[in-house]
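Inspection log for the structure reproduced underneath, given as structure tokens.
Because the structure is a prediction, the values reported are computed rather than measured. A note on names: the letters A, B, ... follow the listed sequences, proteins ahead of strands, and every chain is numbered from 1.
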There are 2 protein chains.
Amino acid sequence: MDEQERGGIDLSALQSSVGYRLRRVQIAAFTLFTQFMSEFDIRPTQFAIMTVIRDNPGLSQSQVSDALGLKRANLVPLLDGLEGRGLLVRSPSPADRRSYCLHLTDHGQEQMRAIQTRHDAYEQELTSSLGPAGRVALLALLDGFHFTGDSDGDTG
Amino acid sequence: MDEQERGGIDLSALQSSVGYRLRRVQIAAFTLFTQFMSEFDIRPTQFAIMTVIRDNPGLSQSQVSDALGLKRANLVPLLDGLEGRGLLVRSPSPADRRSYCLHLTDHGQEQMRAIQTRHDAYEQELTSSLGPAGRVALLALLDGFHFTGDSDGDTG
DNA sequence: TATTGTTATACTCTATAACTATA
DNA sequence: TATAGTTATAGAGTATAACAATA
């Protein structure tokens with residue numbers, strides 16, 4: 001056949017693959033997130049960490065790792081960065097001297113209010129072409145992903 | 001509050017974020033792909049490359065890069081690997097002596113038949129909990145992602 | 001001048017093993 | 001003995017700049 005001048009490339013096999021479409025859309029969503037959050041210097045994983053600590057103050061590092069699917073070892077430098085920026089603190093756990101209780105600082109809570117507002121705008125823009133009903137339908141479908149071997153842990 | 005013993009962590013803010021859910025589901029899909037394809041030693045990007053060349057024989061490296069959202073520079077070692085395994089060949093373009101025409105070898109076509117069959121089983125398992133109607137609805141929603149700045153190019 | 005393929009390189013993300021101090 | 005946090009490290013994935021050959 002060999003008839004690929006320009007614009008006429010057959011991608012139908014990949015377009016009908018849920019796995020491939022998920023990957024492309026996720027990459028585009030990541031790019032949009034970066035654009036929207038450029039003023040805050042916060043990446044998706046950092047945002048997830050701040051969010052889960054905001055909503056669950058006192059969590060340990062292992063609990064955060066498990067909740068977000070991160071490796072304990074990889075969480076350490078991420079927390080170092082956020083703590084170094086004064087957004088959160090590691091305080092000794094009164095119950096277990098091996099672990100820390102994670103809390104947002106006052107500054108971290110302030111920042112998160114602004115970041116959350118910006119994130120809401122990002123979500124709005126991300127799903128603008130789907131409409132509110134489409135967005136809800138998509139969340140329901142994404143929530144319905146359960147397959148054999150889906151332990152949902154340790155992905156980074 | 002500080003009442004996170006175990007299993008009661010509030011992830012509602014992230015669960016209602018399309019960006020976050022996309023990321024988690026995409027990672028789980030990647031893991032399942034790896035499990036299903038373990039006998040073939042082929043990664044998602046390699047599968048995408050093989051697929052687009054199978055369906056569009058004679059494409060140049062730049063065309064493959066653009067179609068899949070890869071950087072030209074990053075495609076080179078990927079093609080080196082696939083060519084080294086005898087799955088595809090770079091042949092000189094008769095029209096442009098700077099570029100190559102990419103084709104699957106006979107062995108590559110054979111392999112792709114088996115790989116495609118396995119990939120179909122992967123897609124089936126991946127979307128098993130959604131059902132056929134849910135899978136089609138999801139593909140339609142994923143296809144509907146168009147937002148400002150979505151050039152869909154250069155992501156890797 | 002611009003484009004194709006290539007090299008070199010750097011930065012991020014992810015994964016594993018091993019260590020320490022506690023439990 | 002098991003677990004929490006840490007360190008070191010290795011492997012992918014992804015990004016940019018620059019080069020030679022060709023258009």
**Study point:** Separation between CG of A:Leu70 and CG of A:Leu78, rounded to the nearest 0.5 Å
**Key:** 7.0 Å

Exercise for review: Round to the nearest Å and state the distance from A:Arg72 atom CZ to D:dA2 atom P.
Suggested key: 15 Å

Exercise for review: Could you check which of D:dG5, D:dT6, C:dC13 has an atom nearest any side-chain atom of A:Ser62?
Suggested key: D:dG5

Check your understanding: Any luck finding a side-chain donor-acceptor pair between B:Tyr20 and B:Arg24 under 3.5 Å?
Key -> yes

Review point. Quick one: B:Phe30 CZ to D:dT14 C1', roughly how many Å, whole number?
Key: 13 Å

Check your understanding: In whole angstroms, how far is the C1' atom of C:dT14 from the CZ atom of A:Arg43?
Key -> 14 Å

Review point. What nucleotide, of D:dG5, D:dA21, C:dG5, holds the atom closest to the side chain of B:Arg98?
Key: D:dA21

Practice item. Respond yes when some side-chain nitrogen or oxygen of B:Gln61 is under 4.0 Å from OP1 or OP2 of C:dT6, and no when none is. Key: yes

Check your understanding: Between the main-chain N or O of B:Gly144 and the side-chain N or O of A:Ser129, is there a donor-acceptor pair closer than 3.5 Å?
Key -> yes

Review point. For A:Arg90 and D:dA4, is the shortest distance between a side-chain N/O and OP1 or OP2 below 4.0 Å?
Key: no

Check your understanding: Does any donor atom in the side chain of A:Glu123 or B:Ser17 lie under 3.5 Å from an acceptor atom in the other side chain?
Key -> yes

Review point. Start at the 5' end of DNA chain D and walk down; is the nucleotide closest to A:Pro77 or to B:Leu78 reached first?
Key: A:Pro77

Review point. Nearest nucleotide by nearest heavy atom, which residue falls closer to the 5' end of DNA chain C, B:Tyr100 or A:Ala73?
Key: B:Tyr100

**Study point:** Euclidean distance, atom CG of residue A:Asp41 to atom P of C:dC11 [Å, nearest integer]
**Key:** 15 Å

Revision key, fill the gap. Out of C:dG5, C:dT16, C:dA21, minimum distance to the side chain of A:Lys71 belongs to C:dT16

Exercise for review: State whether a side-chain donor-acceptor pair under 3.5 Å links B:Asp120 with B:Gln116.
Suggested key: yes

Exercise for review: Check every strand shown and say whether B:Ser60 touches a base, only sugar-phosphate, or nothing at a heavy-atom separation below 4.0 Å.
Suggested key: sugar-phosphate

Review point. Got a donor-acceptor pair under 3.5 Å from the side chain of A:Arg97 to the base of C:dT22?
Key: no

Point to revise | Integer-rounded Å distance: D:dT14 P and B:Gln46 CD | key: 12 Å

**Study point:** Length of the line joining B:Asn74:CG and D:dT16:P, which is rounded to integer Å
**Key:** 10 Å

Point to revise | N or O in side chain of B:Ser99 less than 4.0 angstrom from D:dT22 OP1/OP2 | key: no

